[in-house]
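Below you'll find the structure, written out as structure tokens, and then a few comments.
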Amino acid sequence: MSVKKIKKLKELKKIVDTLHRQGKKIVFTNGCFDILHWGHAMYLQKAKAKGDKLIVALNSDSSIKRLKGKSRPIVSENDRAKMIAALESVDYVTVFGEDTPLKTIKTLKPDMLVKGSDWNKNNIVGSGILSKYAGKVSTIKKAKGRSTTNLINKIVKSSRK
């Protein structure tokens, strides 16, 4: 069941330590994943292909409100976590309340940090940490025209007709 993939940071740290001892390559990504769409699914499939296990860290509801405004998120963190966990490409999901996943990255020490290609590798939160232990930072080309903001705007526009 997919909800078993949702872990608190402390529990996930123990799992990651075990996976590292087994020689598994841990890939980490993060984001809001507010309204799940094909662009998200494709991105996560490509991220998973870069290693053995994929961890997705989700911004909490309070974190998203601070970053994107009081009208967001559209979907609650509980539902977003369950949706992401339901994807075959995702091995574990954790939720973080800070504005960035820096604490989560420091705790888990993934082998690879992945973000969308709209990010400069040097500006990706956590890239400096990974460089200290030979971790890698990678970007994935985003699906053209696929974004939560575009989807929200389309819904709002169609509701005004």
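Because the structure is predicted, anything quoted here is derived from the model rather than measured.
With rounding to the nearest 0.5 Å, the separation of NZ in Lys109 from NE2 in His20 is 10.0 Å. With rounding to the nearest 0.5 Å, the separation of CZ in Phe96 from OG1 in Thr107 is 12.5 Å. The CD atom of Gln45 sits 10.5 Å away from atom CD1 of Ile140, with the distance rounded to the nearest 0.5 Å. Residue Lys14 holds its NZ atom at 11.5 Å from NZ of Lys7, rounded to the nearest 0.5 Å. Rounded to the nearest 0.5 Å, atoms NZ (Lys65) and NZ (Lys70) are 10.0 Å apart. Between Ser127 atom OG and Lys136 atom NZ the span is 14.0 Å, to the nearest 0.5 Å.
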Going through the checks in order, is the side chain to side chain contact (heavy atoms under 4.5 Å, CB included) test met by Ile84 and Leu36?
CA-CA 8 Å; Ile84 293 293; Leu36 201 58; 3.6 Å; yes
Show the numbers, then the answer: is there a salt bridge (charged side-chain N to carboxylate O under 4.0 Å, His left out) between Asp91 and Lys5?
CA-CA 6 Å; Asp91 294 292; Lys5 294 180 181 182; over 6 Å; no
Show your working on side chain to side chain contact (heavy atoms under 4.5 Å, CB included) between Ile6 and Lys82 and close with a plain yes or no.
CA-CA 8 Å; Ile6 303 169; Lys82 288 176 185 175; 4.0 Å; yes
Are Phe33 and Met83 close enough, and set up right, to give a side chain to side chain contact (heavy atoms under 4.5 Å, CB included), and what steps lead you there?
CA-CA 9 Å; Phe33 299 96; Met83 288 292 292; over 6 Å; no
Stepwise salt bridge (charged side-chain N to carboxylate O under 4.0 Å, His left out) test for Arg66 and Asp99:
CA-CA 8 Å; Arg66 288 191 304 274; Asp99 290 349; 2.7 Å; yes
I would like to know whether Asp34 and Lys68 meet salt bridge (charged side-chain N to carboxylate O under 4.0 Å, His left out); could you show each step before the answer?
CA-CA 11 Å; Asp34 194 0; Lys68 297 190 179 270; over 6 Å; no
Leu9 and Lys103: side chain to side chain contact (heavy atoms under 4.5 Å, CB included), yes or no, with the steps?
CA-CA 10 Å; Leu9 184 57; Lys103 175 186 164 193; 4.3 Å; yes
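The environment of CD in Glu88 is sparse: at most 12 heavy-atom neighbours from other residues, nucleotides or ligands sit within 6.0 Å. Within 6.0 Å of NZ on Lys24 lie no more than 12 heavy atoms contributed by other residues, nucleotides or ligands.
Follow the hydrophobic side-chain contacts under 4.5 Å out from Val125 and you never reach Leu58; the two are in separate clusters. In the hydrophobic cluster analysis, where Ile, Leu, Val, Met, Phe, Trp and Tyr join through side-chain heavy atoms closer than 4.5 angstrom, Leu12 is grouped together with Leu19.
Taking every heavy atom of both residues into account, Gly23 and Asp52 meet most closely at O-OD2, 4.2 Å. Here the shortest heavy-atom pairing between Lys115 and Asn30 reads NZ-O, 3.0 Å. Taking both residues in full, the closest heavy atoms of Gly126 and Ile105 are given as CA-CD1, 4.0 Å, listed atom of the first, atom of the second, then distance. A pairwise comparison of heavy atoms in Glu98 and Ser63 identifies O-OG, 2.9 Å as the closest pair. Taking all atoms of both residues into account, the shortest heavy-atom contact from Gly97 to Ser60 is CA-OG, 3.3 Å. What you find for Lys8 and Thr94 is that their closest heavy atoms are C-OG1, 4.0 Å.
Between Tyr92 and Val56, the closest side-chain pair of non-hydrogen atoms is not below 4.5 Å. Within the 4.5 Å cutoff, the side chain of Leu108 has no heavy atoms near those of the Ile26 side chain. Residues Thr139 and Val114 fail the side-chain proximity criterion, which asks for heavy atoms closer than 4.5 Å. Side-chain contact check for Phe28 versus Met112: every heavy-atom pair is 4.5 Å or farther apart. Counting only heavy atoms from C-beta outward, the side chains of Lys13 and Lys10 never approach each other to under 4.5 Å. Residues Arg21 and Asp17 are in side-chain contact: their nearest non-hydrogen atoms beyond the backbone lie under 4.5 Å apart. No side-chain heavy atom of Ile15 sits less than 4.5 Å from a side-chain heavy atom of Lys53. Side-chain contact between Thr29 and Leu113 is absent, with no heavy-atom pair separated by less than 4.5 Å.
With salt bridges taken as basic N to acidic carboxylate O contacts below 4.0 Å, none links Arg72 and Asp61.
There is a side-chain donor-acceptor pair under 3.5 Å between Ser138 and Lys50.
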